[in-house]
2 protein chains.
Amino acid sequence: MPRTTLRSVAQAAGVHAATASRALNPETRHLVNADTARRVLKAAERLGYQPNPIARSLKTARSNTIGLVVPDLTNPLFPPIARGIEEVLEEAGYSVWIVNTDHDLAREQALVESLRSRQVDGLILCTAHLSHPLIEKMRDEGVKMVLANRRTDDPGVPSVTPDDAHGIDLAVRHLAGLGHRRIAHLAGPQSTSTALTRARTFRHVVRDLGLDDDGLVVECAQWSERAGAEAMNALLDSGTSVTGVTAGNDLIALGCYDALDERGLSCPDDVSIVGFNNIPLLDKLHPPLTTVAIPHHELGSEAARMLLDYIEEPDRQPRSVLLPVSLITRRSTSAPPQENG
Amino acid sequence: MPRTTLRSVAQAAGVHAATASRALNPETRHLVNADTARRVLKAAERLGYQPNPIARSLKTARSNTIGLVVPDLTNPLFPPIARGIEEVLEEAGYSVWIVNTDHDLAREQALVESLRSRQVDGLILCTAHLSHPLIEKMRDEGVKMVLANRRTDDPGVPSVTPDDAHGIDLAVRHLAGLGHRRIAHLAGPQSTSTALTRARTFRHVVRDLGLDDDGLVVECAQWSERAGAEAMNALLDSGTSVTGVTAGNDLIALGCYDALDERGLSCPDDVSIVGFNNIPLLDKLHPPLTTVAIPHHELGSEAARMLLDYIEEPDRQPRSVLLPVSLITRRSTSAPPQENG
DNA sequence: GTGTTAGACACAATCGTTTGCACAAGGAGC
DNA sequence: GCTCCTTGTGCAAACGATTGTGTCTAACAC
């Protein structure tokens, strides 16, 4: 049973397909006689007509679809962002197509290519690296896009990110306020804006507060629990004694839990830990993780609104929006252990 | 800069577009002279030709795309399933389009409609209810689809689900083995196969083992932490004293944690709890949650393979596959407290 | 020399829309 | 009665591919 086509609706209403097309489209409806339009609408209704978006896209080079590119859906950070995006875009009549790059640049390129060839009207990318040839190329080609969560170092691409600097500032001051003087930062991959900003700010704040400062920044290879554990192990192996850790994100903080566990050390009695992002379930951990909360949902919805703005008004200046963050204090942080001797 | 089209490739190679089309498609390449084919391939390469999938879909009524419909991406159960699906389908040359219904039937219908009108070659649905008019309608229309995680009660629709019955059997026997005799089940919404199977099996096993049996099954309105807490509170309020709980899934189990916390009760000292699904992070909870592990990734990959089978061979009998589950014992379960008096 | 056949390609229709343009009918203005 | 708009429709050409059918050439058998 073939779908009913525009032509059959037109036939049923006794008009030409072109007229039916105009009658069905609110934008062009004024071009046809009100009575005729009504007849067409009726016929369409009666036959259960659904326009064929493929044919429409072929003709109009639009699709009412936007692509959402995430590095890893299993990272609990992204689903809420995706929800925020969907909420705004579906309201505006767009469908959202989610693709997963698995942190793989080649896959990203292929998936983006696939999205673009399907005429998506815009892209939201959560995969940005500071230097990102694919994004630069698309900027040059005038592709409508917004970066979410991370940015490139090119201010020419609009972005919505959490206020990473303020977040780390809060985290370090929190630890310092509890009395910690030897604090390390387990940074995420420094090729990303989030990781770089957090690490840089960490160094500044440590200096500003006059804390012990001998480069206690360790870079993790991934934003993952395993990489966090490895980095924490490396830190502990190196003999540097730290009493506080600010992790690049929550998954890295979880890796710290693992590393401490393995050595029979306790959080927060031996080491206090602060995460970043406030993914779900942290409140039920042992111990509940103190973390910097970012507004996941707004990150998505803000990015979506911004994309809509650029679609409507392509010449608008690119903006970079920082979203406010806050510290959520739980039980993974406490005063540092007393030094013996 | 318009994309290079098939016609321009043909022109560059000095042939007709039809010939170029056949040369580019491996299936039809034998219809054209080997030399000509080489020339066309060269030209396509040189011009960076990318076929336009929209035009192709319009003509062929296929899209090399499949739709994945999930009820809630923020439920950590689904992302790993999605990954399993993507892995298999991308290997087979398909793109995966993920949509989120938010448990809303109207949204589901609209999204499925949108996917179908974009000519997806098949659907994988994680949203099935036992009675599901939309799915029945699609079955009648011969839509190629596979249900994952949940099934309808209609065996005519192929599905891949965890062995829910065996899972609950393991959970109850585990508690009984520890000495529990008053065990409750906090069931998920009984309109879903997973919830119904788990609840039914619970009743059977309780009877088989000769445990105290007075209908200790409470239904939760949602598969959520909050609904789990509400159900647990209702159970505790009702005065029934239970020492063990099997939750419909892990989120519901987390709700039990909340409810116990609120009353100053301890898990496992006062009540032992078993979850279902083994979502990430359970091992780091306080206490780490004993749960029934299901093979998320295989659930996805198996469903994807099955869908590919149906696409290749539409007349194949629908199969329902059960995937093996296993109990993961952690510290949320222990021997029941001694009765006083 | 005629007829047959296979191979290689071109032609043109098609998928279901949208949209610039032509055209007819009708009313207004002179 | 003539032009000049306006309004409402139809016509046909796109969009970029795929595919059934035709045509032409060369080779071969008889």
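In what follows, chains carry the letters A, B, and so on, assigned in the order in which the sequence lines appear, proteins first and then strands, with residues in each chain numbered from 1. Computed from a prediction, not measured in an experiment: that's the story for all the values here.
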**Q.** Lys/Arg-Asp/Glu bridge criterion (N-O < 4.0 Å) met for B/Glu45, B/Lys42
**A.** no
Q: Pull out every residue in residues 38-57 of chain A that has a heavy atom closer than 4.0 Å to any atom of DNA chain C, ordered by number, or say none.
A: A/Tyr49, A/Gln50, A/Pro51, A/Asn52, A/Ala55, A/Arg56
Q: Starting at atom NE2 of B/His16, determine the distance to atom C1' of C/dC9, rounded to an integer number of angstrom.
A: 10 Å
Q.
From CZ of B/Arg118 over to C1' of C/dG16, roughly how many Å is that when rounded to an integer?
A. 14 Å
(Q) With a 4.0 Å cut-off on N to O distance, would you call A/Arg3 and B/Glu113 a salt bridge? (A) yes
Q) Could you give the CZ-to-C1' distance, from A/Arg7 to C/dT17, as a whole number of Å? A) 9 Å
(Q) With the threshold set at under 4.0 Å for non-hydrogen atoms, list the residues of residues 20-35 of chain B touching DNA chain C in residue-number order. (A) B/Arg22, B/Val32, B/Asn33
Q | Selected nucleotide, minimal atom distance to A/Ala18 side chain, candidates D/dT19, D/dA17, D/dG10 | A | D/dG10
(Q) What is the distance, to the nearest angstrom, from the NZ atom on A/Lys59 to the P atom on D/dC15? (A) 7 Å
Q | Salt-bridge contact B/Asp140-B/Lys137 (side-chain N to carboxylate O under 4.0 Å) | A | no
Q. Checking side chain to side chain contact (heavy atoms under 4.5 Å, CB included) against B/Leu77, which of B/Leu299, B/Asn149, B/Asp72 comes through?
A. B/Asn149
Q.
What is the distance, to the nearest angstrom, from the CD atom on B/Gln11 to the P atom on C/dA10?
A. 12 Å
Q) Are the side chain of B/Ser193 and the backbone of B/Arg151 linked by a donor-acceptor contact shorter than 3.5 Å? A) yes
Q) According to a strict under-4.0 Å criterion, is A/Thr60 in side-chain N/O contact with OP1 or OP2 of C/dT18? A) no
**Q.** Polar side-chain atom of B/Arg7 near backbone of B/Ala17 as donor-acceptor pair, under 3.5 Å
**A.** no
Q. Quick one: B/Arg62 CZ to D/dA17 P, roughly how many Å, whole number?
A. 18 Å
Q) Which of these passes side chain to side chain donor-acceptor pair (under 3.5 Å) with A/Asn100: B/Glu87, B/Glu86, B/Glu90? A) B/Glu86
Q | Side chain of B/Leu6 - closest among D/dA17, C/dC9, C/dG16 | A | D/dA17
(Q) Using the side-chain heavy atoms of A/Leu58, tell me which of these nucleotides is nearest: C/dT14, D/dC15, D/dT9. (A) D/dC15
Q. Do B/His16 and B/Gln11 have a side chain donor and acceptor closer than 3.5 Å?
A. no
Q: Look at B/Thr5 and D/dA17 and indicate whether a side-chain polar atom (N or O) is within less than 4.0 Å of OP1 or OP2.
A: yes
Q) Can any side-chain N or O of B/Arg29 pair as donor or acceptor with the backbone N or O of B/Leu24 at less than 3.5 Å? A) yes
